[in-house]
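First the structure, in the form of structure tokens, and then the observations on it.
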There are 2 protein chains.
Amino acid sequence: MKTLSIKDIAVQANVSITTVSFIINGKAKEKSISEAVIEKVEKIIEESGYKPNQIARSLRTGNSNIIGLIIEDISNSFFSRIARLIEDKAYKRGYKIIYSSTENSVDKAKELINMFKSRKVDAYIISPIKGIEEDINMLLTDNKPVILFDRNLPNVDTNYVGADHFNASYQSIESFIKQGKKNIALVTTDIDVQQITERYDGYKKALEDNGITYSDDLVVKIHFNQEEAETISQIKTLLESKKIDAVLFATNYLAISGLKVLKQINKKIGDEFAVIAYDDHEAFELHTPSISTVQQPLEEIAETVIKLILSQLSSKTKLENQQVIIPAKLIIRD
Amino acid sequence: MKTLSIKDIAVQANVSITTVSFIINGKAKEKSISEAVIEKVEKIIEESGYKPNQIARSLRTGNSNIIGLIIEDISNSFFSRIARLIEDKAYKRGYKIIYSSTENSVDKAKELINMFKSRKVDAYIISPIKGIEEDINMLLTDNKPVILFDRNLPNVDTNYVGADHFNASYQSIESFIKQGKKNIALVTTDIDVQQITERYDGYKKALEDNGITYSDDLVVKIHFNQEEAETISQIKTLLESKKIDAVLFATNYLAISGLKVLKQINKKIGDEFAVIAYDDHEAFELHTPSISTVQQPLEEIAETVIKLILSQLSSKTKLENQQVIIPAKLIIRD
DNA sequence: TGAATTTAGTAAAACGTTTTACGTTATCTC
DNA sequence: GAGATAACGTAAAACGTTTTACTAAATTCA
């Protein structure tokens with residue numbers, strides 16, 4: 001069964017292809033097609049179930065109604081929740097999402113950008129990594145809307161939406177200090193992206209401002225792509241050997257590993273020892289005791305990203321770039 | 001900056017478009033293009049950074065190297081983990097994934113299938129819902145490979161990959177019974193999909209086989225799209241009022257809500273009261289005490305799905321449909 | 001009434017590829 | 001040395017749309 005084309009409809013309705021095209025695209029009035037013809041054609045389209053070939057459309061118009069979403073890892077709940085929200089909102093406005101995970105590999109990220117480019121996606125939503133600045137700049141010279149989120153790139157001049165990582169981290173540490181904690185550790189990753197370094201900077205600054213000397217011994221940087229067993233053993237070393245009385249985990253998956261360690265070594269969270277995790281996770285609320293977390297405003301981030309994209313897509317002229325920083329919320333539990 | 005086309009390359013190399021096309025597609029040898037020309041053209045392509053326009057390619061060839069993935073909800077960790085695995089494996093074989101969530105809406109599912117169709121995706125991976133049988137059958141008459149996973153549709157004759165939900169459920173209940181439990185509840189959803197009814201049937205059969213009378217009072221079916229607060233209150237009613245000594249939760253998100261209830265009403269899991277959750281979740285291992293779960297073989301499911309897809313895509317003839325049922329694993333914790 | 005305008009519609013080019021069918025020359029075979 | 005084959009390559013159609021520039025008839029206007 002050959003699939004129908006606009007030509008088949010035209011033949012059946014005994015009008016030209018052009019006329020059908022105008023009707024499909026809602027330009028019938030403007031192009032002064034008579035009511036009678038419009039109805040006839042629409043009826044045929046309806047009955048035959050004809051659907052325009054989007055590929056041909058894209059080839060001709062140069063756009064696709066598709067937005068490309070590039071994230072670190074769709075199986076991380078932070079990203080999958082954001083993806084769902086973005087998908088949802090985009091869908092309501094007639095846009096589809098293609099997504100892919102970079103797994104923090106520069107090569108894969110570059111490849112993804114290329115693939116999206118050759119598929120003519122209309123806009124890009126990227127949670128970027130260092131090393132792809134040039135590729136992004138090429139998109140920008142192509143006049144494609146690009147929104148970075150979660151992490152910013154210093155050398156790229158475009159839109160950015162993200163949480164205020166520095167202050168969230170700062171406040172977390174301050175809350176530890178107010179509880180009288182003195183030996184506050186930080187478990188973070190070694191990937192060199194802005195939102196991670198901000199969390200680190202917030203940690204450091206909060207200590208300084210409160211007269212606590214920063215010590216490298218209390219910070220462990222976990223290698224991104226390693227096995228969880230390795231991560232667990234590194235965190236275990238930290239938590240066992242030191243007289244640490246509080247820990248901030250810089251990502252939710254590090255916190256998960258950390259909680260596993262605490263269970264293994266039977267170290268209890270309570271008055272003697274406090275924990276805060278960055279990025280909420282269902283496990284944290286359920287944990288006994290509940291784990292305090294820094295909640296990113298997912299809904300707001302997604303909404304802002306989509307709003308920026310759409311306003312750019314609908315505007316003829318290049319809009320002013322925007323940097324939207326949304327406060328994160330420290331949720332103290334138990 | 002206009003983007004380069006194959007024509008620009010041809011002009012620059014002073015050969016025909018055809019020749020460039022043959023070289024790009026590795027048909028140079030076969031079409032007896034000389035080594036010299038090949039090298040020249042490849043050099044120009046390399047230097048200019050030319051990338052073929054996939055849209056034009058798709059229009060001409062009728063396929064896209066894209067696989068469409070339709071799932072219930074990308075923010076559910078079961079699906080996001082499967083998606084990540086599938087994406088990964090597809091990517092290694094040169095295929096990209098477009099995904100979208102149905103949110104269990106028949107209309108949205110139909111729309112998605114249409115959109116994928118008009119984008120000429122090469123194959124479909126679908127975690128289906130009732131009501132889209134006809135749409136899927138149309139894909140099949142179009143000779144597109146379709147793999148259903150997680151849930152099967154009785155009236156659709158195609159490939160299926162999923163876990164053995166009936167037995168997993170049966171075994172869970174049996175393990176309760178072996179522990180001496182008598183009043184075993186089931187918390188499930190009201191969506192009418194195969195993998196959910198199988199879990200229900202396994203529950204019922206295990207009770208029967210062990211001489212325990214089934215009671216409707218011990219089963220609560222949660223409406224799919226409702227607010228979590230509502231869900232929690234329904235589960236609370238169940239767990240508070242009955243002398244229940246064990247519960248099987250039929251999905252991970254129901255189990256999460258259930259655990260929240262237990263925390264609220266301060267009911268402890270232990271010798272007196274046992275819990276098993278379907279589909280693992282990070283929260284379960286961390287929970288105190290750890291929660292036993294039915295683990296689906298994600299890796300195997302993803303691998304099998306991709307294997308089936310690829311063998312169909314590379315085969316000229318229609319292959320025999322396969323139904324792959326993979327055992328799930330009951331993990332008893334603590 | 002005849003020029004101008006409006007109404008109703010169409011032909012054909014263009015988007016960037018792949019692929020079929022064909023055209024030269026050079027080489028081989030006997 | 002003539003016919004066949006191989007080597008090297010190309011022109012042009014086709015994929016299914018959108019859009020520009022156009023035409024022919026009907027209506028309006030003064």
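So that the names make sense, note that chain A is the first sequence line, chain B the second, and so on, each numbered from 1.
In this structure, CG of N65(A) is placed 15 Å from P of dT17(D), rounded to the nearest angstrom. Regarding L59(A), its CG atom lies at a distance of 9 Å from the C1' atom of dC15(D), rounded to whole Å. Nucleotide dT17(D) holds its C1' atom 12 Å from the CD1 atom of I55(B), rounded to whole Å. Between I6(B) atom CD1 and dT18(C) atom C1' there is a gap of 8 Å when expressed in whole angstrom units. I24(A) has its CD1 atom 14 Å from the P atom of dG16(D), to the nearest Å. Separating the CD1 atom of I38(A) from the C1' atom of dA8(C) is a distance of 11 Å, rounded to the nearest angstrom.
Residue pairs that meet the ring pair (Phe, Tyr, Trp, His ring centres under 6.0 Å) test with at least one member in residues 106-156 of chain B, sequence neighbours left out, do not exist here. Within the structure, the ring pair (Phe, Tyr, Trp, His ring centres under 6.0 Å) test picks out no pair touching residues 42-95 of chain A (sequence neighbours left out).
Within the 4.0 angstrom heavy-atom criterion, base atoms lie near S21(B).
Comparing the axis of the opening five pairs of the helix from dT1(C)-dA30(D) to dC30(C)-dG1(D) with that of the closing five pairs yields an angle of 50°, rounded to 10°.
Inspection of the Q194(B) and N152(B) side chains reveals no N or O donor paired with an N or O acceptor under 3.5 Å. Side-chain polar atoms of S101(B) and E87(A) form a donor-acceptor pair below 3.5 angstrom.
Shown here are the side chain to side chain donor-acceptor pair (under 3.5 Å) partners of N53(A), two or more places apart in sequence or in another chain: there are none. Partners of K108(B) according to the side chain to side chain donor-acceptor pair (under 3.5 Å) rule, which considers only residues two or more places apart in sequence or in another chain, are E103(B). Remark: Y160(B) engages no residue in a ring pair (Phe, Tyr, Trp, His ring centres under 6.0 Å) (not counting sequence neighbours).
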Report, as a single string ordered 5' to 3', how protein heavy atoms within less than 4.0 Å touch nucleotides 7-13 of chain D: B base, S sugar-phosphate only, - not at all.
-BBBBBB
Polar atoms only, N or O, under 3.5 Å: list the protein pairs with nucleotides 22-27 of chain D and their distances.
none

Can you give me the N/O atom pairs linking the protein to nucleotides 4-6 of chain D at distances under 3.5 Å, or say none if there are none?
none

Taking it one step at a time, do E35(A) and K40(A) satisfy salt bridge (charged side-chain N to carboxylate O under 4.0 Å, His left out)?
CA-CA 9 Å; E35(A) 212 36 70; K40(A) 178 171 63 174; over 6 Å; no
Would you list the atom pairs, donor with acceptor, under 3.5 Å between side chains in residues 60-69 of chain A and any protein atom, with sequence neighbours excluded?
{"residue": "T61(A)", "atom": "OG1", "partner": "R57(A)", "partner atom": "O", "Å": "3.0"}
{"residue": "T61(A)", "atom": "OG1", "partner": "N63(A)", "partner atom": "N", "Å": "3.2"}
{"residue": "T61(A)", "atom": "OG1", "partner": "N63(A)", "partner atom": "O", "Å": "3.3"}
{"residue": "T61(A)", "atom": "OG1", "partner": "N63(A)", "partner atom": "OD1", "Å": "3.2"}
{"residue": "S64(A)", "atom": "OG", "partner": "I66(A)", "partner atom": "N", "Å": "3.3"}
{"residue": "S64(A)", "atom": "OG", "partner": "K120(A)", "partner atom": "O", "Å": "2.7"}
{"residue": "S64(A)", "atom": "OG", "partner": "D122(A)", "partner atom": "OD1", "Å": "3.3"}

Return a table of donor-acceptor pairs under 3.5 angstrom between the side chains of residues 300-309 of chain B and protein atoms on other chains or two or more places apart.
{"residue": "E303(B)", "atom": "OE1", "partner": "K89(B)", "partner atom": "NZ", "Å": "3.3"}
{"residue": "T304(B)", "atom": "OG1", "partner": "E300(B)", "partner atom": "O", "Å": "2.6"}

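Within residues 43-54 of chain B, the residues that place at least one heavy atom under 4.0 Å from DNA chain C are, in residue-number order, Y50(B), P52(B), N53(B).
One finds no side-chain N or O of K27(A) lying less than 4.0 angstrom from the OP1 or OP2 phosphate oxygen of dT18(D).
Atom CG of L4(A) sits about 10.5 Å away from atom CD1 of I45(A), to the nearest 0.5 Å.
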